Amino acid sequence: MNLILLGAPGAGKGTQAEVICEHLNIPAISTGNIIREALKNGTELGLKAKSFMDSGALVPDEVVIDIIKERLAKDDCKNGFILDGFPRTVPQAEALDAMGIQIDKVIDIEVADEKIMQRLSGRRVCQDCGASYHVDYKPSKAEGTCDKCGGKTVQRKDDHPDTIKDRLHVYHEQTEPLKDYYEKTGKLTIVEGQEEVADTSALTLKALEA
Ligand code: AMP
């Protein structure tokens with residue numbers, strides 16, 4: 001099954017992508033993670049993306065479209081994939097169509113902006129393995145240290161409150177129109193994000209069967 005997860009930054013796409021990945025045994029592909037990895041490794045892509053990412057802006061379409069083309073050509077995508085964070089603009093969705101890729105379902109996870117603000121500003125991530133925590137809802141056992149690998153947990157630069165506001169603005173302007181885009185294809189299902197992750201996951205898995 002070829003799936004797209006839509007939703008604002010912080011709506012929980014990454015977590016739901018992992019849930020589906022385990023359930024269907026298909027890879028979850030996050031353009032954000034690919035770009036962060038490139039940044040960490042100091043590659044040309046990382047350098048190109050850094051200033052956009054740090055300020056909460058979108059990386060130019062042509063850059064992410066190339067990333068996705070390359071990633072979807074890999075063998076592990078033959079039986080399906082989950083796109084988390086791509087497409088984020090109408091031109092990106094059009095590029096996906098132009099690649100001849102059939103999308104089976106688009107799941108949009110809806111969470112109110114105030115809730116997103118709360119979630120993202122409290123998020124901490126391990127700088128080594130990428131594991132995600134929250135200062136109130138899911139603290140690591142020892143503050144500042146990852147439970148999984150012992151790495152240091154830090155706040156992402158783009159999780160600072162002013163940058164979150166900018167990211168939400170970008171989401172409403174450039175990404176939200178994709179709901180209409182996919183509604184027209186009849187492939188869109190909306191999942192209301194719940195307080196408990198497990199409850200959202202149950203709704204996501206139900207949406208796969210719809
Ligand atoms: P994420 O981890 O999905 O929130 O992505 C973090 C940042 O990576 C975004 O704020 C953008 O700067 C960049 N990014 C990730 N995916 C895309 C995309 N599909 N189009 C443009 N920029 C992206």
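These values consider heavy atoms only, across backbone and side chains, with no hydrogens, waters or symmetry-generated copies. As the structure lists them, so they are numbered: ligands from 1, and atoms in each ligand from 1. In this chain, numbering begins with 1 at the start of the sequence shown. Please read all numbers here as calculations on a predicted model, not as lab measurements.
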_Could you walk me through whether Leu39 and Leu47 satisfy the side chain to side chain contact (heavy atoms under 4.5 Å, CB included) test, starting with their C-alpha distance in whole Å, then the side-chain angles of each, then the deciding distance to 0.1 Å, before giving a yes or no?_
CA-CA 6 Å; Leu39 245 170; Leu47 292 177; over 6 Å; no

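Note: no N/O pair closer than 3.5 Å links Pro87 and ligand 1 by distance alone. Taking only nitrogen or oxygen atoms, main chain and side chain alike, Ser30 does not reach within less than 3.5 Å of ligand 1. Some N or O of Arg167 is nearer than 3.5 Å to an N or O of ligand 1, by distance alone. Considering backbone and side-chain N/O atoms, Gly85 comes within less than 3.5 Å of an N/O atom of ligand 1. Note: no N/O pair closer than 3.5 Å links Asp158 and ligand 1 by distance alone.
The closest side-chain heavy-atom distance from Ile68 to Leu96 is below 4.5 Å.
Contact atoms of ligand 1 toward Arg36: 2 (O), 6 (C) (distance under 4.0 Å to a heavy atom of the residue).
Ranking the protein heavy atoms by distance from atom 8 (O) of ligand 1 puts Met53 CE, 3.4 Å first. In terms of protein heavy atoms, atom 22 (N) of ligand 1 is closest to Val59 N, 3.0 Å. Among protein heavy atoms, the minimum distance from atom 14 (N) of ligand 1 is reached at Ile35 CD1, 3.8 Å. Regarding atom 12 (O) of ligand 1, its nearest protein heavy-atom neighbour is Ala57 O, 2.6 Å. At the top of the distance list for atom 20 (N) of ligand 1, counting protein heavy atoms only, stands Gln92 NE2, 2.9 Å. For atom 9 (C) of ligand 1, the nearest protein heavy atom (residue, atom name, distance) is Arg88 NH2, 3.9 Å. Remark: minimum distance from atom 16 (N) of ligand 1 to any protein heavy atom is reached at Thr31 OG1, 2.8 Å.
Heavy atoms of Ala49 found under 4.0 angstrom from ligand 1: none, in either backbone or side chain. Within the 4.0 Å heavy-atom criterion, the part of Arg156 lying near ligand 1 is the side chain and not the backbone. By the criterion of a heavy-atom distance under 4.0 Å, the side chain of Val64, and not its backbone, is placed next to ligand 1.
Between Lys105 and Glu209 no salt bridge is recorded (no basic side-chain N to carboxylate O distance below 4.0 Å). Under a 4.0 Å N-O distance rule, the pair Arg71/Asp76 qualifies as a salt bridge.
Counting non-hydrogen atoms of other residues, nucleotides and ligands closer than 6.0 Å to CG of Asn25 gives a total of 12 or fewer.
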Table please: side-chain donor-acceptor pairs of residues 160-170 below 3.5 Å, with sequence neighbours left out.
residue : atom : partner : partner atom : Å
His160  : ND1  : Gln155  : OE1          : 3.4
Arg167  : NH1  : Asp158  : O            : 2.7
Arg167  : NH1  : Asp159  : OD1          : 2.9

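At a threshold of 4.5 Å between side-chain heavy atoms, the hydrophobic network of Ile, Leu, Val, Met, Phe, Trp and Tyr places Ile29 and Tyr182 in one connected group.
With Tyr133 as the aromatic partner, Lys138 meets the cation-pi criteria of under 6.0 angstrom to the ring centre and within 45 degrees of the ring axis.
Residues in residues 141-150 take part in no side chain to side chain donor-acceptor pair (under 3.5 Å) pair, two or more places apart or across chains.
Lys13 and Gln16 form no side-chain donor-acceptor contact under 3.5 Å, judged by distance and modelled atom types alone.
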